[in-house]
Amino acid sequence: MTFIEIRDIKRHFTLGGSIVKALDGVSLSIERGEMLALMGPSGSGKTTLMNVVGGLDQPDAGRIIIDGEDITHFDGNRLAQYRQRQVGFVFQSFNLIASMTALQNVEFPMIFAHVSPSKRKRRAEALLKAVGLGDRMDHKPTELSGGQQQRVAMARALVNRPTILLGDEPTGNLDSHTGDEILAMLQRLNEQGQTIIMVTHDPRVASYAKRTIHMLDGLIQEDQARPSEPSLMKDAAS
Amino acid sequence: MNTRDLLRLVLSNLNRMRGRAIMTAMGVVIGTAAIVVLIALASGLQRSTTESLSSIGAVNQITVFAGFRRFGPSSDSGTEPVLTPDALDKFSKLPGVEAVTPYVSVNARNITMNRLTANVSITGLDPRAIDALGLVAEQGTNRMGTFGVIVGSRTGEQFNDPRLPRRADEPPPDLYGQTLLAELQRTNDAGEQITRKVRLHVVGVLAERGGQDDTSIYMRLADAEDLTGWLQGGRVNRDREGYQQAVVVVSDPDTTLSTTTAISDMGFTAFSATSALQQINILFAVVQAVFGGIGAISLIVAAIGIANTMIMSILERTREIGLMKAVGASNRDVMSVFLTEAGAIGLLGGIGGVLFGIGAAKIIDLIAVAYISGQNAASGSTAAAPTSLVFVPTWLPIFAILFSVFIGLAAGIYPALRAVQLNPVTALKYE
């Protein structure tokens, strides 16, 4: 069974009187364990597609089925539950809560999932250690570098064991070296079976993915599978 | 999310906007303090009024006066009702009436005991009504004999030596078993002042009741009639002139009001502490509501402040709300976070307002009591200064805090709904 099945979805916005067709009939199947890059220029609909998969947005038409469950017409509460159980988000601007420590930021999603405090702490600590921040747990985001902040955000995204990890330009605010670290981390997660969808306009980032989808004007232009070594692609790009 | 996590999150959020939260709570503090002070003042006034009223008589006693000569058009209608023995007999036949007695005041010029003098009223009443009136002897007996009188527990305090005032630590004289000398004076037909001295033997001292009974001297009705007759130069014909005052005792205090009404309907002026208390309590309920309402207006202003602060805070935390939603917070979670924050501001303000209000009430009390005592001393009045003018009923702080929490929650509804309705996609991108 296809893990993520997107059938002819449409999403139109009205912007200043004119209709923007962010998604204009997109169909796509994604298997479990894929690492997929959504590419395309601004306004191509890649972020909207990711938001629809992540349950942050709902299509105007079409269907979206996750793991056999049709989430197209979920109400607010079921959608919140879906995000909580199935989805982890990594954002370009990290979106950490400034007043909370790294540990508290990672624990945050588990509060809404009714995880007990002791279990929360154990899981958050384990994840922060896994992303190499075992010694930075009590630091506030302002006391961390961009790369460290994004690693906290990744730990937060993974904390409820999501089936889908979504990244919206996850390296967009980082220098190339730190970006590579994050991408390598994502790749390792994918090797362990984590399904990952990234939105990017950077071909170098996309080169880490096994499959790249190019979008333009709300439509899929190209769907490429790249079985080749990412490191080779990286060299070619530079 | 569970209550503990909710409270912890709300506390950390409030701590983050500490300055603003405190300033917003100050509005609630002022409103709540206003409610507490105003209601405490009204309650204090009510308490001192009802206390002085309760001392007039027990709840099951009705004081009846002969019908007042009415002013206005109704004055010529029929005869004035007179408190004749017949009328009293009618009262005693009313349902639930236990006893009826006339109260006959004997105006003695003064009463002396050795060198001590007092100016105390002597009242004659029907010995059969003594028990029903609740006049219980603490010392001796309440059975009055011929010129054998019973006195109140504090009647002794009224006896003073005019040349040697009693020191504060000196106990008042014990009247029990003593002989009092009542001096009566009238002018005879020849225009001369004549004096009659009557020896009154104190056969009993009453238990303290906290009313005028405590400072009275009671004698048998027959003796009082004898003295009154002498004072007026001839026996009074009660069948024609009636008594000035009578007291009706009912067996069940619940029937006091209906019996009072029944007697009033006969044209007499009937009065009971119960009926007066009832009316005064209604009046004070209105006063409290009006005072509370004035305070409530300032709380409404505070509520607008809370709503304003919450809207600002939601604007500033738009991305955070987007994040909460992205990581799986339900609408209910978002709603409870912001409602609780608003409610907590109300609670903080409420607690502060209650403390501040009680403090302010106490200060007002101190100043007012000192002022009144000063006035009394200046005018030479011996009236006891009130010990307290404000009164904080137990329900008041509880009510005030609950009300301010309610105000906070109500003010938080609109901002919280705004937070709930935020689109997570746009919220996450909000700059």
Side-chain angles (χ1 to χ4, degrees), chain A residues 11 13 15 22 47-52 54-58 74-101 104-117 120 140-141 153 156-160 162 166 168-169, chain B residues 1-22 309 312-341 344 416-431:
Chain A
R11 183 76 174 105
F13 300 101
L15 204 75
T47 303
T48 306
L49 182 59
M50 190 198 78
N51 287 337
V52 166
L56 284 179
D57 200 358
Q58 285 178 298
F74 269 14
D75 63 10
N77 280 330
R78 291 191 70 188
L79 216 51
Q81 210 171 56
Y82 163 71
R83 291 193 293 261
Q84 183 185 92
R85 292 183 184 163
Q86 310 257 53
V87 188
F89 285 98
V90 180
F91 306 95
Q92 177 175 3
S93 49
F94 324 134
N95 278 324
L96 297 176
I97 297 175
S99 59
M100 292 184 179
T101 63
Q104 286 168 332
N105 265 292
V106 178
E107 281 189 42
F108 194 56
M110 290 188 281
I111 290 176
F112 306 109
H114 300 277
V115 180
S116 74
R120 270 192 331 236
K140 297 261 171 85
R156 181 182 64 192
L158 294 170
V159 88
N160 281 334
L166 299 174
D168 187 359
E169 305 274 13
Chain B
M1 84 195 286
N2 65 38
T3 318
R4 215 180 114 189
D5 290 325
L6 175 68
L7 293 181
R8 197 179 286 174
L9 186 63
V10 164
L11 276 181
S12 99
N13 286 342
L14 287 178
N15 189 37
R16 227 190 317 169
M17 52 174 201
R18 199 164 33 228
R20 207 188 304 160
I22 289 172
T309 298
M312 286 297 293
S313 142
I314 282 160
L315 272 180
E316 282 169 16
R317 281 151 65 191
T318 301
R319 287 178 79 102
E320 193 182 311
I321 295 162
L323 178 81
M324 279 174 76
K325 292 186 168 193
V327 301
S330 64
N331 286 344
R332 212 186 123 165
D333 290 332
V334 176
M335 186 90 190
S336 11
V337 167
F338 289 98
L339 267 189
T340 311
E341 279 180 31
L417 279 175
R418 274 182 61 154
V420 165
Q421 281 156 5
L422 275 179
N423 179 330
V425 174
T426 42
L428 281 164
K429 292 221 155 65
Y430 186 84
E431 293 297 334

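Numbered from 1 within each chain, the chains take letters A, B, ... in sequence-line order. Since the structure is predicted, the reported quantities are computational estimates derived from the model, not experimental observations.
In this structure, chain B has a heavy atom under 4.5 Å from the side chain of Met100(A), while its backbone stays farther away. In this structure, the portion of Arg156(A) lying under 4.5 Å from any heavy atom of chain B is its side chain and not its backbone. Neither the backbone nor the side chain of Tyr82(A) has a heavy atom closer than 4.5 Å to any heavy atom of chain B. Both the backbone and the side chain of Leu428(B) come within contact range of chain A, each with at least one heavy atom under 4.5 Å from a heavy atom of that chain. For Asn77(A), the part lying near chain B is the side chain, with the backbone staying farther off; criterion is any non-hydrogen pair under 4.5 Å. Of the two parts of Thr48(A), neither the backbone nor the side chain holds a non-hydrogen atom closer than 4.5 Å to a non-hydrogen atom of chain B.
Here the closest heavy-atom approach between residue Ala80(A) and residue Ala329(B) is recorded as CB-O, 3.7 Å. The two atoms that bring Arg8(B) and Arg120(A) nearest to each other are NH1-NH2, 4.4 Å, heavy atoms only.
Between Asn95(A) and Arg319(B) the shortest side-chain heavy-atom distance falls below 4.5 Å. Taking 4.5 Å as the limit, every side-chain heavy atom of Glu107(A) sits out of range of all side-chain heavy atoms of Asp5(B).
In this structure, Ser330(B) OG and Arg78(A) CZ are separated by 14.5 Å, a value rounded to the nearest 0.5 Å. For the atom pair OG of Ser12(B) and CD1 of Ile97(A), the computed distance is 8.0 Å after rounding to the nearest 0.5 Å. Taken from OG in Ser99(A) to CZ in Arg317(B), the straight-line distance is 8.5 Å, to the nearest 0.5 Å. Between atom CG of residue Asp168(A) and atom NZ of residue Lys429(B) there is a gap of 5.0 Å, rounded to the nearest 0.5 Å. The CG atom of Asn423(B) sits 8.5 Å away from atom CG of Asn51(A), with the distance rounded to the nearest 0.5 Å. Interatomic distance, CE of Met324(B) versus CD1 of Ile111(A), reported as 8.5 Å (0.5 Å rounding).
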Hey, mind stepping through Leu323(B) and Phe91(A) against side-chain contact (heavy atoms from CB on, under 4.5 Å) and telling me if it holds? CA-CA 10 Å; Leu323(B) 178 81; Phe91(A) 306 95; 3.8 Å; yes

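Applying the side-chain contact (heavy atoms from CB on, under 4.5 Å) criterion to Val420(B), with sequence neighbours excluded, gives Asn331(B), Val334(B), Met335(B). Residues satisfying the side-chain contact (heavy atoms from CB on, under 4.5 Å) test with Gln84(A), not counting sequence neighbours, are Phe112(A), Ala113(A), Asn160(A).
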